Amino acid sequence: MIPVTPNERDGSGADGPDTRDSATDEELLARAARDAASFEPLVRRHSAALHGYFARRAPHAADDLLAEAWLQAYTARRGFDADRGPARAWLFGVARNVLSAHWRRTERQRPGGRSEGIPFRDDPWEAVDERLDAAAVAPRLRELLAALPPEERELLLLVAWEQLTPAEAAAVVGIPAGTARSRLHRARHRLRTEAPLNPLDLTGDKS
């Protein structure tokens with residue numbers, strides 16, 4: 001649970017009258033460095049989206065991963081830098097790290113553990129593929145997605161499923177926005193060419 005003092009809860013802290021609900025995400029994160037209550041609107045605003053991110057990639061652990069992501073985001077809130085991207089992208093970046101750690105733990109817990117020299121799986125494509133299968137996605141589209149480089153596929157799904165802009169998706173993955181746009185263009189072009197009937201709208205452009 002995020003600690004909140006009585007003064008912070010009623011909005012009578014250093015910032016004067018409570019303006020948290022009208023503040024931007026970036027303003028809230030800046031305030032949260034000294035005012036724990038300013039973090040609470042972020043939880044309300046973004047929990048549904050972050051839970052969807054986890055549910056589409058690790059459905060059986062989504063609730064626990066969401067709680068872990070918020071705990072890590074709160075702990076790291078003073079490290080947010082608006083010059084490196086918007087708050088929403090920063091939160092999804094935290095979620096991405098939590099998911100990666102989850103898959104590493106999953107690998108360790110598998111019977112026999114991890115073979116020496118084989119890297120941990122940071123790209124949970126098998127779980128995503130199961131979700132696509134459950135959605136009755138055309139086999140050809142699933143094959144094309146599986147064949148994409150992991151980073152291109154991740155960018156594509158961040159934009160299509162999580163409704164991030166290419167710039168936000170770039171910040172999540174940790175690459176320049178121009179690089180992300182180039183890789184998205186390449187991935188979208190391939191899908192448009194080889195799977196023109198696309199039930200997931202994976203090729204829709206966003207600003």
Side-chain angles (χ1 to χ4, degrees), residues 25 46-62 65-66 69 83-107 110 114-115 117-207:
D25 292 342
H46 297 286
S47 280
L50 292 176
H51 188 273
Y53 172 84
F54 289 124
R56 283 182 278 269
R57 293 161 176 83
H60 301 299
L65 294 176
L66 177 64
D83 291 335
R84 299 178 62 182
R88 183 167 72 147
W90 182 80
L91 289 171
F92 271 96
V94 173
R96 181 179 187 248
N97 291 337
V98 168
L99 183 67
S100 178
H102 166 72
W103 282 106
R104 285 184 169 91
R105 291 193 299 269
T106 300
E107 291 284 341
R110 285 187 173 187
R114 180 175 63 99
S115 298
I118 298 177
F120 283 114
R121 180 183 58 183
D122 287 330
D123 174 37
W125 171 246
E126 290 180 10
V128 175
D129 188 46
E130 289 174 2
R131 303 297 285 175
L132 292 173
D133 186 40
V137 173
R140 179 55 180 156
L141 178 57
R142 291 171 57 210
E143 291 173 3
L144 289 171
L145 286 169
L148 290 175
E151 192 171 84
E152 286 186 18
R153 183 170 60 241
E154 183 175 13
L155 288 167
L156 196 63
L157 293 177
L158 283 170
V159 171
W161 271 353
E162 318 313 332
Q163 300 298 299
L164 300 185
T165 67
E168 288 173 331
V172 173
V173 176
I175 61 176
T179 301
R181 289 189 178 93
S182 175
R183 292 176 184 175
L184 277 168
H185 176 78
R186 184 165 58 237
R188 286 166 168 165
H189 177 73
R190 182 173 182 183
L191 291 181
R192 287 191 185 107
T193 301
E194 302 189 39
L197 298 178
N198 179 2
L200 288 183
D201 191 27
L202 291 173
T203 59
D205 290 318
K206 294 180 176 63
S207 60

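All residue numbers refer to positions in the sequence shown, counting from 1. Nothing here was measured: the structure is a model prediction, and the numbers come from that model.
Rounding to the nearest 0.5 Å gives a distance of 10.5 Å between CG of Leu184 and CG of Leu191. To the nearest 0.5 angstrom, Leu155 atom CG is 11.5 Å from Arg181 atom CZ. In this structure, CG on Leu158 lies 5.5 Å from CG on Leu164, to the nearest 0.5 angstrom.
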Donor-acceptor contacts under 3.5 Å from residues 87-95 side chains, at least two apart:
unit_1	atom_1	unit_2	atom_2	d
Arg88	NE	Glu168	OE1	3.4
Arg88	NE	Glu168	OE2	3.2
Arg88	NH2	Gln163	O	3.3
Arg88	NH2	Glu168	OE1	2.5
Arg88	NH2	Glu168	OE2	3.2

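Across all their heavy atoms, Ala58 and Leu99 have their closest contact at CB-CD1, 4.0 Å. Between Ala170 and Ala177, the shortest heavy-atom distance links the atoms CB-CA, 3.7 Å. Contact record, Val159 with Ala169: CG2-CB, 4.1 Å, taken as the closest heavy-atom pair.
Applying the side-chain hydrogen bond (donor to acceptor under 3.5 Å, both in side chains) criterion to His51, with sequence neighbours excluded, gives Asp63. Every side-chain contact (heavy atoms from CB on, under 4.5 Å) that Ser182 has, sequence neighbours left out, goes to Arg186.
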Pair Leu66, Val98 - check side-chain contact (heavy atoms from CB on, under 4.5 Å), show working. CA-CA 9 Å; Leu66 177 64; Val98 168; over 6 Å; no

Evaluate the criterion side-chain contact (heavy atoms from CB on, under 4.5 Å) for residue pair Leu65 and Arg57; output intermediate values, then yes/no. CA-CA 11 Å; Leu65 294 176; Arg57 293 161 176 83; over 6 Å; no

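For the pair Val172 and Glu162, the minimum side-chain heavy-atom distance is 4.5 Å or more.
Judged by distance alone, with hydrogens and angles left aside, the side-chain atoms of Arg153 form a donor-acceptor pair with the main-chain N or O of Ala146 at under 3.5 Å.
For residues 89-101, the salt bridge (Lys or Arg N to Asp or Glu O under 4.0 Å) pairs, not counting sequence neighbours, are Arg96-Glu154.
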